[in-house]
Amino acid sequence: MDRVPVLKIGEILLVSIQIDLDDQTALQLQEDLSDRIVETGAHGVVIDISALEIVDSFIGRMLSTIAAVSRVLDAETVVVGMRPAVAITLVELGLSLNGVRTALNVDKALEILAEAKQVRGVGVLTVRGSDDVPL
Amino acid sequence: MKVDAEARQRLSAFLVTHEEPIVRQWTEIAARTLRGRLTNTELTRQVRDVFGALQAVLGADSDGEIAGAESGESRGALAELSRAWARQGFTPSETAGLVFTVKEVVLGLTESGQAELPTTDFLLLSLVVDDMGLFTFETYTKTRESVIADQTEQLLELSTPVVKLWDGVVAVPLVGTLDSARAQVVMEKLLQTLVDTGSAFAIVDITGVPAVDTQVAQHILKTVVAARLMGAECIISGIRPQIAQTVVALGIEFGDIVTKSNLADALLHALRASGVEVVRRASRDKAF
């Protein structure tokens, strides 16, 4: 069975879907990804679907679910590189992927994730030394 | 309708004998209805073409039908004439009328005693000419239809430019009524431009759209949602007061989609959102 690789780059997980997903592979990816988020403590997930020519309602729902799951695990999901034809089809199907953030390319997705990280203040937590003057 | 060979020969011989007066009178009558829109020489040439086609249909190696397999050349000549007339803006009756005039001419000749033609032969001639006239009419309509189809396509291409306003900001100024076909073209072109240029903001300007009904709104909303799916923000601008009132009266919800009354506001919004600060430089005398 085909398996979609999940790559870790810094604090971000990158999933690049290069094959047309069947339902089983999609479910497998969903599981793999949630495992990896917990394992690595990643704060962001980038899913690149620029190679996908067909996105049906099942894949659309998978993307929404992944976004929801990773949000629970405190990671932001950005779907990247949707083709115009795919976007039009999804709109015609009435799927607007609510709750899923999208970006035109991986660069922009990384920007979004960096901003989100700043807003949430991840990594600015410091242990106060004893010579700090208490307020 | 098949005309038997003997009658065709008689008719053909009749036409050959009286070729000159027929063509002359034919041209005269045709010129009257056309009132100087064609030069006389050109009209004479065209009348001769039709005359030639008629003769070919009646000729020995034809089967007396314009639609028949043997009449390819006559069909070609008639079709060319008909297409030319359709393009020049003649009415369909004028085009078919040119062919039908031959009956009037032949009737005139026999009545004035300059020629003799049995009634049955005249009726046969009439049948052949009717066929030719109908064929002319059909070609005329086809030509018109193809002209309209071409223009529709050209209009589609003309009316959907996607312009770049700033780094990462593109705009589509929509002009004219938005139907499903156009909306589809606009949507595809805009989304493709977003991919090609990597722009994060798209402005759909509807200043030139005369009316917004539920269908048009639906098309615009679909475009916005599709752009959002691809990771770009879409702003709608150019909403005139009447349109705003219609939209509210129709109960159309734009939800969290940004709408602005003019393109300048929309551009400013896009610039601010993408982190560009627009500052008016203080003029010199104020500064010092």
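What's counted below: heavy atoms across the whole structure, side chains too, no hydrogens, waters or symmetry copies.
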Review point. Taking only residues two or more places apart in sequence, or in another chain, which ones meet B:Phe137 in a ring-ring contact (aromatic ring centres under 6.0 Å, His included)?
Key: none

Exercise for review: May I ask you to check whether over 12 heavy atoms, not counting those of B:Gln88, lie within 6.0 Å of atom CD?
Suggested key: yes

Exercise for review: Nearest 0.5 Å please: distance from the CG atom of A:Leu90 over to the NZ atom of B:Lys222.
Suggested key: 12.5 Å

Check your understanding: Where along residues 49-62 of chain A does a heavy atom come under 4.5 Å of chain B, listed by residue number?
Key -> none

**Study point:** Non-hydrogen atoms of B:Leu191 and A:Ala87 that approach each other most closely
**Key:** CD1-CB, 4.3 Å

Study note, to complete from the structure: So CD of B:Gln192 and CZ of A:Arg83: to nearest 0.5 Å the spacing works out to 9.5 Å

Exercise for review: With a 4.5 Å heavy-atom cut-off (strictly below), which parts of residues 32-40 of chain A touch chain B? List them by number.
Suggested key: none

Study note, to complete from the structure: From the list B:Leu221, B:Thr223, B:Val225, side-chain contact (heavy atoms from CB on, under 4.5 Å) partner of A:Val91 resolves to B:Val225

**Study point:** Check: A:Pro84 and B:Met230 side chains under 4.5 Å, non-hydrogen atoms
**Key:** yes

Check your understanding: About how many Å separate CG of B:Leu194 and CG of A:Leu104, when rounded to the nearest 0.5 Å?
Key -> 6.0 Å

Point to revise | Any donor-acceptor pair under 3.5 Å from A:Lys108 side chain to B:Gly198 backbone | key: yes

Exercise answer: donor-acceptor pairs, residues 236-249 of chain B side-chain atoms, under 3.5 Å, sequence neighbours excluded:
{"residue": "B:Ser237", "atom": "OG", "partner": "B:Asp205", "partner atom": "OD1", "Å": "2.7"}
{"residue": "B:Arg240", "atom": "NE", "partner": "B:Thr207", "partner atom": "O", "Å": "3.4"}
{"residue": "B:Arg240", "atom": "NH2", "partner": "B:Thr207", "partner atom": "O", "Å": "3.4"}
{"residue": "B:Arg240", "atom": "NH2", "partner": "B:Val209", "partner atom": "O", "Å": "2.5"}
{"residue": "B:Thr246", "atom": "OG1", "partner": "B:Gln242", "partner atom": "O", "Å": "2.6"}

Exercise for review: Would you mind checking which part of B:Ser199 comes under 4.5 Å of any heavy atom in chain A, side chain (CB onward), backbone (N, CA, C, O), both or neither?
Suggested key: backbone

